[in-house]
Amino acid sequence: MKVQIPRGTQDILPKQVKLWQIIEEKAREICQNYRYEEIRTPMFEHTEIFTRGVGDTTDIVQKEMYTFLDRGDRELTLRPEGTAPVVRSFVENKLFGDPNQPTKLYYLGPMFRYERPQSGRYRQFVQFGVEALGSKNPAIDAEVIALAIELYSQLGLKNLKLVINSLGDKESRMRHREALINHFKPKIGEFCSDCQSRLEKNPLRILDCKVDRDHELMSNAPSILNYLNDESKQYFDKVCHYLDLLNINYEVDATLVRGLDYYNHTTFEIMSNAEGFGAITTLCGGGRYNGLVEEFGGPETPGIGFALSIERLISALEAEAITIEQEDTLDLFVIALGEVAEDFSVKLLYELRKQQIRADRDYMDRKIKAQLKAANRYNAKYVVIIGDDEMNNGKAMLKEMATGEQTEVNLDTFVANFKQRVTSREE
RNA sequence: GCGGCUAUGGCGAAGUGGUGAACGCAUCGGAUUGUGGCUCCGACAUUCGUGGGUUCGAUUCCCACUAGUCGCCCCA
């Protein structure tokens, strides 16, 4: 049998896992500071959650879902994004009835999209995202954006660009949509086939087209910002105002269109400017989704959130040559020579570890020399060498690896004395 | 779904249509018996992604497949 990981997936090996853990801890810590609480929803949902939530004309639904029938002929889909499941859970568990509103949630876990893998794109990837449900205060839009930026900047990223836009409310969007159709329709034949199909489906996306970006109709296309009604306009201005208060730099881009149908009002992306970053520069995407809760049968509840990929975050760290490493150390490496000593070391290790001492030994029948090398590789602070002589007279050699200094220690009081030695050093 | 590039030991990497597939790193063993990080010596790919074809003969040429990688669409 040939062993091979499925396409577009990756193993995160022990060396890399440490970085993941640091990032995850940081994300959790920030969420705690902002009072966002973790929610864990299943890895798969009924397919309708996504077709209705995300929108069945979107690329995600049309060509990227891992959909399957289970043994009971239920149609299920591995979650391609986190918002729809969270909203489903919010409605199903009636979280809107909780006195603590808005409901501020975060999630951290794998998402699945059937895509052609390339740099920054996987079939299974890990998203960290937050959702704030229940408030239509523009300050919470700014809070959500600030939270995302906080994570990046705490990890040391510098080359970030925040781009924001407003899609307005339903009425604004409809008026803008009509204007766009009227604008492009006369010459739609000159556009690429994608744009031609976008005209009726989602004309906003034409603005985002790379193929036709130089067409004469592009530069003077109606901007959404000119079609926002007063309420939408005021809302957007407020969001910008709060970002200004927080000294968060941003760029308003009226062509910023997000790929999911549920967005309205605020949309934003955080991108990396770093040299040498791949073609996909979006690190984080989010926006407001008023109306989605109602779509799932809940009460009228506004919402806003974002999602970011840990993989891309790590790529951005690499692009900026930021290393977040904390090397693992071992307190003690036990070298036992001979059967009696080995018996003793088995018990010794057990006791040491019980005392919170990080200890290990050789299991590969290496010579003492190779064991010392191994201890060195494990970054052991100390090595204790126990042989027949030591067993007989109850003393052993404790070697400090950094200095090479050796001291004779008693074996019967070893654990307590060693613990003291290690802990006193740390203070 | 489409296109470019790539595929040799644990890792990096050379190479040729023809008897034993360089080299570097790592690993293991040795250089006075039980002592690391330096040095020296030795060991370490019946095999060159998989399958097929061309050929007297292919790891080297051709095809397909698979995978990786980068890009397009789009996204995290």
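Note on naming: letters A, B, ... go to the chains in the order of the sequence lines (proteins, then strands), and numbering restarts at 1 for each one. Hydrogens, waters and symmetry mates are skipped; everything else that's a heavy atom, side chains included, is used. Treat the numbers as computed from the prediction; the structure is a model and nothing was measured.
Side-chain to base pairing of A/Q406 with B/U35: one donor and one acceptor N or O lie within less than 3.5 Å of each other. With hydrogens and angles left out, the side chain of A/E115 and the base of B/A76 share a donor-acceptor pair within 3.5 Å. A donor and an acceptor atom never sit less than 3.5 Å apart when one is taken from the side chain of A/K63 and the other from the base of B/C74. Counting distance only, with no hydrogens placed and no angle test, the side-chain atoms of A/R121 and the base atoms of B/A76 include no donor-acceptor pair under 3.5 Å.
Taking the side chain as every heavy atom from C-beta outward, A/S272 and A/Y152 never approach each other to under 4.5 Å. Proximity of A/Y36 to A/L105: side-chain heavy atoms (C-beta onward) are nowhere separated by under 4.5 Å.
The distance from atom NZ of A/K15 to atom C1' of B/A26 is 11 Å, rounded to the nearest whole Å. Put simply, CD1 on A/I270 is 12 Å from C1' on B/A76, counting in whole angstrom units.
Once rounded to the nearest 0.5 Å, the distance linking OG of A/S172 with CG of A/L225 reads 10.5 Å.
Of the candidates B/G36, B/C70, B/A76, B/C70 carries the atom nearest the A/S119 side chain, counting heavy atoms from C-beta on. Among B/A76, B/G36, B/C75, the nucleotide with an atom closest to any side-chain atom of A/K399 is B/G36. Closest to the side chain of A/Y114, from the set B/G1, B/C72, B/A76, is B/G1. Counting only heavy atoms from C-beta on, A/L372 has its side chain closest to B/U35 among B/G29, B/C75, B/U35.
Within 4.0 Å of A/R113, counting heavy atoms only, lies at least one base atom of the nucleic acid. A/L283 comes within 4.0 angstrom of the backbone, heavy atoms only, and of no base.
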Dot-bracket encoding of pairs in RNA chain B, which uses [ ] for pseudoknotted crossings and | for another strand, Watson-Crick or G-U under 3.5 angstrom: (((((((..(((.....[....))).(((((.......))))).....(((((..]....))))))))))))....

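Classification of the A/Y235-A/H265 ring pair by plane angle, with boundaries at 30° and 60°, yields tilted.
A cation-pi arrangement, defined by a distance under 6.0 Å to the six-membered ring centre and an angle within 45 degrees of its axis, is present between A/R361 and A/Y363.
Residue whose closest nucleotide on RNA chain B sits further toward the 5' end, between A/A370 and A/G8: A/A370.
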Polar atom pairs (N or O), protein with nucleotides 4-12 of chain B, under 3.5 Å:
none

Please enumerate all protein N or O atoms sitting under 3.5 Å from an N or O of nucleotides 30-34 of chain B, with distances to 0.1 Å.
| from | atom 1 | to | atom 2 | distance (Å) |
| --- | --- | --- | --- | --- |
| B/G34 | O6 | A/E390 | OE1 | 3.4 |
| B/G34 | N1 | A/E390 | OE1 | 3.2 |
| B/G34 | N1 | A/E390 | OE2 | 3.0 |
| B/G34 | N2 | A/E390 | OE2 | 2.9 |

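Remark: the backbone N or O of A/M111 is not paired with any side-chain donor or acceptor of A/R79 at under 3.5 angstrom.
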Test log, rule ring pair (Phe, Tyr, Trp, His ring centres under 6.0 Å), inputs A/F418 and A/Y382: CA-CA 10 Å; A/F418 185 77; A/Y382 292 92; 5.4 Å; yes

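Side-chain nitrogen and oxygen atoms of A/R258 include at least one within less than 4.0 Å of the OP1 or OP2 phosphate oxygen of B/A76.
No option in A/V334, A/D365, A/D362 other than A/D362 meets the side-chain contact (heavy atoms from CB on, under 4.5 Å) test with A/Q371.
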